[in-house]
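The structure appears right after this line, and notes come after that.
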Amino acid sequence: QVQLVESGGGLVQAGGSLRLSCAASLILFSTYGMGWFRQAPGKEREIVAAISWNGGSTYYTEDVKGRFTISRDNAKKTVDLRMNSLKPEDTAVYYCAATRDLYGASRSTYNYWGQGTQVTVSS
């Protein structure tokens, strides 16, 4: 059974930082593309960042470029999202996801999802 477990969410003031981590039980983790998505109340789930199977390619949605960094450790089967200069509009539930494709920036590409972790940024 595939499990993706997110951690690291919480409440932070605007301008602060958080580091989200996702631990995966995928047997062939190193062959999966990984992504972080977020969903704010009343909004669609949107991609935040994605990273290819070997970490060689990354994608960021325009809103987070220069502030967020996605990384992965294939030996530990983890993918992290470092979030700096957080804004109130970053408030959402953040989800980790895995795709059998080697890399994916589209929500429909992803096969497995975590339960999500809440990130709240106060002004």
Side-chain angles (χ1 to χ4, degrees):
Q1 183 178 358
V2 175
Q3 280 192 315
L4 301 175
V5 180
E6 303 95 338
S7 61
L11 173 64
V12 64
Q13 288 188 330
S17 298
L18 281 175
R19 187 181 190 95
L20 305 183
S21 187
C22 173
S25 67
L26 294 160
I27 294 176
L28 297 175
F29 177 79
S30 63
T31 67
Y32 284 77
M34 299 297 295
W36 283 97
F37 289 73
R38 66 186 178 188
Q39 188 166 16
K43 294 189 176 182
E44 296 280 322
R45 191 173 298 187
E46 62 175 359
I47 190 164
V48 176
I51 189 166
S52 61
W53 64 281
N54 64 350
S57 297
T58 56
Y59 167 87
Y60 298 94
T61 192
E62 196 64 34
D63 288 351
V64 308
K65 282 182 180 177
R67 300 190 297 122
F68 291 10
T69 303
I70 189 170
S71 61
R72 67 187 295 161
D73 186 328
N74 284 345
K76 295 181 179 179
K77 297 186 178 182
T78 59
V79 58
D80 290 351
L81 184 69
R82 177 68 178 176
M83 305 185 294
N84 296 326
S85 302
L86 282 161
K87 305 174 182 179
E89 49 265 44
D90 294 318
T91 295
V93 177
Y94 283 71
Y95 297 90
C96 174
T99 174
R100 293 191 191 94
D101 291 350
L102 298 180
Y103 180 60
S106 170
R107 178 180 173 182
S108 61
T109 301
Y110 287 80
N111 309 104
Y112 303 108
W113 295 84
Q115 293 299 306
T117 186
Q118 177 70 47
V119 171
T120 303
V121 184
S122 63
S123 56

>> Determine whether Leu86 and Phe68 satisfy the following criterion, side-chain contact (heavy atoms from CB on, under 4.5 Å), listing intermediate values before the conclusion.
In response: CA-CA 9 Å; Leu86 282 161; Phe68 291 10; 3.8 Å; yes

>> Whether Arg72 engages the ring of Phe29 as a cation-pi pair (distance to the six-membered ring centre under 6.0 angstrom, angle to the ring normal within 45°) should be assessed.
In response: yes

>> Can you confirm whether Glu46 is buried at CD, in the sense that more than 12 heavy atoms of other residues, nucleotides or ligands lie under 6.0 Å from that atom?
In response: yes

> Got Ser52 and Leu102 here, is their nearest side-chain heavy-atom distance under 4.5 Å?
Replying inline: no

> CD/Glu6 to SG/Cys22 distance, rounded to the nearest 0.5 angstrom?
Replying inline: 5.5 Å

> If you look at every heavy atom in Ala97 and Leu4, which pair is closest and at what distance?
Replying inline: CA-CD1, 3.8 Å

> In the hydrophobic clustering (ILVMFWY, side-chain contacts below 4.5 Å, transitive), which residues join Val93, or is it alone?
Replying inline: Phe37, Ile47, Tyr59, Tyr95, Tyr103, Tyr110, Trp113

> Do Gln3 side-chain atoms and Ser25 backbone N/O form a donor-acceptor pair below 3.5 Å?
Replying inline: no

> For residues 28-80, which residue pairs qualify under disulfide (SG to SG under 2.5 Å), counting only residues two or more places apart or in two chains?
Replying inline: none

> Taking all atoms of both residues into account, what is the closest heavy-atom pair of Val79 and Ile51, and its distance?
Replying inline: CG2-CG2, 4.2 Å

> Which heavy-atom pair separates Asn84 from Ser17 by the least distance, and what is that distance?
Replying inline: OD1-OG, 2.9 Å

> So Tyr32 and Tyr112, side-chain contact (heavy atoms from CB on, under 4.5 Å) or not? Walk me through it.
Replying inline: CA-CA 10 Å; Tyr32 284 77; Tyr112 303 108; 3.8 Å; yes

>> I'd like to know if the side chain of Asn54 reaches the main chain of Asn74, judged simply by a donor and an acceptor atom lying under 3.5 Å from each other, with no hydrogens or angles considered.
In response: no

>> Using 0.5 Å steps for rounding, measure from the CZ atom of Arg38 to the CG atom of Leu81.
In response: 9.5 Å

> Do any N or O atoms from the side chain of Gln39 and from the backbone of Ala92 form a donor-acceptor pair under 3.5 angstrom?
Replying inline: no

>> Between Thr91 (side chain only) and Val121 (backbone N and O only), is there a donor and an acceptor less than 3.5 Å apart?
In response: yes

> Do you know which two heavy atoms are closest between Val48 and Tyr94, and how far apart they sit?
Replying inline: CG2-CE2, 4.1 Å

> Atom CG of Asp80 and atom CZ of Arg19: how far apart are they, to the nearest 0.5 Å?
Replying inline: 4.5 Å

>> Closer than 3.5 angstrom, by distance alone: can the side chain of Tyr60 be matched with the main-chain N or O of Ile70 as a donor-acceptor pair?
In response: yes

> Out of curiosity, Arg100 CZ to Leu28 CG, how far, rounded to the nearest 0.5 Å?
Replying inline: 11.5 Å

> Would a hydrophobic clustering, with Ile, Leu, Val, Met, Phe, Trp and Tyr connected at side-chain separations under 4.5 Å, put Trp53 with Leu26?
Replying inline: no

> Any ion pair linking Lys87 and Asp63 (charged N to carboxylate O, less than 4.0 Å)?
Replying inline: no

> Which atom names give the shortest non-hydrogen contact between Thr78 and Ala23, and what distance separates them?
Replying inline: CG2-CA, 4.3 Å

>> Give me the atom names and distance for the closest heavy-atom approach of Ala50 to Gly104.
In response: CB-O, 3.1 Å

> Can you find a pair of side-chain heavy atoms, one from Val64 and one from Met83, that are under 4.5 Å apart?
Replying inline: no

